[in-house]
Amino acid sequence: SKKERFAPQVYLNSAGWNRDGTRILFTQTDESFRANRNGGRFSSRRLSRIRSIKPDGSGLKTVLKSRLNSKQGKGYSGRGVFTDLDVSAGNKVLVTRELRPGGRSDIHVVDMASGNSKRLVRSAEHGRWSPDGKSILFLSDRDKTGRQCEESSCYFQSKLYVADADGSGQRRVLKQKGQAGSVNGADWSPDGTAVVVTRGRFGRPSCTDLYVKRVGGGPATYTLAFVKAVPGLTATLFDLPAVIELAMVRGWHVPQAAA
């Protein structure tokens, strides 16, 4: 039967400024599908790019490309798609590359000038540079704890980790036991002495808490000094806009994943 090509879809997943404010970086994935009219021989193609543009909309450039293709009965081929990114003071980009839809993600570092990339952390996502560029925060479910099931799928809760800028010295930041909740996002304070964390908890009712964690001992050790719930910043999922607004008033950058 005759094949029919469906119109491509375009996803802009994440964006951020370079540190001198001269360019905006973002991830873009173009996806197209192909199938027989009777629904057989389904296939898809994804072209994922890290792109850079000036604030006035000019000077659009592609920094790095990646492809992920699939065909019914043959699975996936390619290097994956880019999702979340963050830019360091030295204009190096941390980017999450999803190897398969709903599957494992790795964090890569990309040099903007050359476009060269290197994998820093396996089985991780949502990487964030420290203000001094010497450490990174990231999320991972590598511990395989806190199993959650929703409808037809199950997953393990994400926990918060820190590593040195070269990916070495990976260690847990927040000790959580069993069903303590999944970390949704985290970011550094401007001076690098603390992090703000959103953590979802399932139960009756389900809710998301915003935590501030102060850290000390330098970027090589990062010992946890204390963890506390910020007064007035615990709410149900439906109240998250108010939570984020209050946090912004206090001078914290709330990660997009929290919304």
Side-chain angles (χ1 to χ4, degrees), residues 13-27 50 52 55 63 82-97 105-114 116-121 124-140 158-174 183-199 210-228 230 233 243-259:
N13 296 310
S14 182
W17 294 92
N18 67 353
R19 291 303 172 97
D20 60 12
T22 58
R23 299 193 71 86
I24 299 169
L25 282 93
F26 62 97
T27 59
I50 300 174
S52 170
V63 179
F82 301 120
T83 56
D84 183 75
L85 63 74
D86 187 49
V87 187
S88 75
N91 284 332
K92 289 187 175 181
V93 181
L94 278 182
V95 65
T96 300
R97 174 180 267 161
S105 296
D106 296 336
I107 292 177
H108 294 246
V109 61
V110 182
D111 184 273
M112 282 183 58
S114 65
N116 294 329
S117 66
K118 176 185 177 181
R119 186 177 64 195
L120 289 185
V121 187
E125 61 182 350
H126 194 79
R128 289 294 179 268
W129 292 106
S130 61
D132 61 9
K134 296 181 179 180
S135 300
I136 59 174
L137 285 173
F138 64 92
L139 307 184
S140 177
S158 294
K159 310 302 181 185
L160 182 63
Y161 291 79
V162 67
D164 298 332
D166 61 359
S168 64
Q170 299 175 25
R171 53 214 179 270
R172 282 271 295 275
V173 174
L174 176 61
V183 176
N184 301 319
D187 205 354
W188 302 87
S189 63
D191 61 4
T193 63
V195 294
V196 61
V197 182
T198 56
R199 189 184 73 181
L210 186 68
Y211 289 87
V212 173
K213 301 195 303 297
R214 303 225 174 257
V215 293
T221 57
Y222 275 109
T223 57
L224 184 64
F226 65 88
V227 181
K228 68 176 183 178
V230 181
L233 294 188
V243 171
I244 295 173
E245 182 178 356
L246 282 171
M248 295 294 285
V249 169
R250 295 182 182 216
W252 292 99
H253 167 66
V254 179
Q256 184 178 0

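If you read the sequence from its start, that first residue is 1, and numbering goes on from there. What you see is a predicted model; the values in this text were computed from it and never measured.
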Compare every heavy atom of G21 with every heavy atom of P55, then report the nearest pair and how far apart it is. CG-O, 3.9 Å
G127 to D86 - nearest heavy-atom pair and separation: O-CB, 3.5 Å
Is a side-chain donor or acceptor of S135 paired with a backbone partner of S130 at a separation under 3.5 angstrom? no
side-chain hydrogen bond (donor to acceptor under 3.5 Å, both in side chains) partners of Q170, counting only residues at least two apart: R142
Check whether any side-chain heavy atom of V95 sits under 4.5 Å from a side-chain heavy atom of I107, and report yes or no. no
Excluding sequence neighbours, so at least two apart, what forms salt bridge (Lys or Arg N to Asp or Glu O under 4.0 Å) with R119? D106
Please report the shortest heavy-atom distance between T83 and T27, naming the atom on each side. O-OG1, 2.7 Å
Could you walk me through whether Y161 and V183 pass the side-chain contact (heavy atoms from CB on, under 4.5 Å) test, one step at a time? CA-CA 10 Å; Y161 291 79; V183 176; over 6 Å; no
Residues which pass side chain to side chain contact (heavy atoms under 4.5 Å, CB included) with N116, listed by chain and number, not counting sequence neighbours: S114
Show your reasoning for whether side-chain contact (heavy atoms from CB on, under 4.5 Å) applies to R172 and L160. CA-CA 6 Å; R172 282 271 295 275; L160 182 63; over 6 Å; no
Atom of V195, atom of W188 and distance for their closest heavy-atom approach: CG1-CE3, 3.8 Å
Tell me, with the steps shown, if K92 and D111 meet side-chain contact (heavy atoms from CB on, under 4.5 Å). CA-CA 5 Å; K92 289 187 175 181; D111 184 273; 4.2 Å; yes
Apply salt bridge (Lys or Arg N to Asp or Glu O under 4.0 Å) to the pair R128 and D84, showing each step before the final yes or no. CA-CA 10 Å; R128 289 294 179 268; D84 183 75; 2.7 Å; yes
To the nearest 0.5 Å, what is the distance between CG (N13) and CZ (F26)? 11.0 Å
Do L25 and I50 make a side-chain contact, defined as non-hydrogen atoms from C-beta onward lying under 4.5 Å apart? yes
Looking only at heavy atoms, what is the nearest atom pair of S140 and A124, with distance? CB-CA, 4.3 Å
For L139 and K159, what are the C-alpha separation, side-chain angles and deciding distance, and is it a side-chain contact (heavy atoms from CB on, under 4.5 Å)? CA-CA 6 Å; L139 307 184; K159 310 302 181 185; over 6 Å; no
For F82, the ring-ring contact (aromatic ring centres under 6.0 Å, His included) test, sequence neighbours excluded, returns none
At their closest point, which heavy atom of A165 faces which heavy atom of W129, and how far apart are they? CB-CZ3, 4.0 Å
Scan I136, V109, L94 and name whichever one has a side chain to side chain contact (heavy atoms under 4.5 Å, CB included) with V121. I136
Sequence neighbours left out, what passes side-chain hydrogen bond (donor to acceptor under 3.5 Å, both in side chains) with S52? Give chain and number order. R23
Say you draw a straight line from CD of E125 to OG of S158; how long is it, rounded to the nearest 0.5 Å? 5.0 Å
Restricting to side-chain hydrogen bond (donor to acceptor under 3.5 Å, both in side chains), what partner residues turn up for D166, sequence neighbours left out? S168
Quick one: CE on M112 to OG on S88, what's the gap to the nearest 0.5 Å? 9.5 Å
When you measure from the side chain of R97 to the backbone N and O of H108, does any donor-acceptor pair fall under 3.5 Å? no
So, the side chain of S14 versus the backbone of L85: is there a donor-acceptor pair under 3.5 Å, distance only? yes
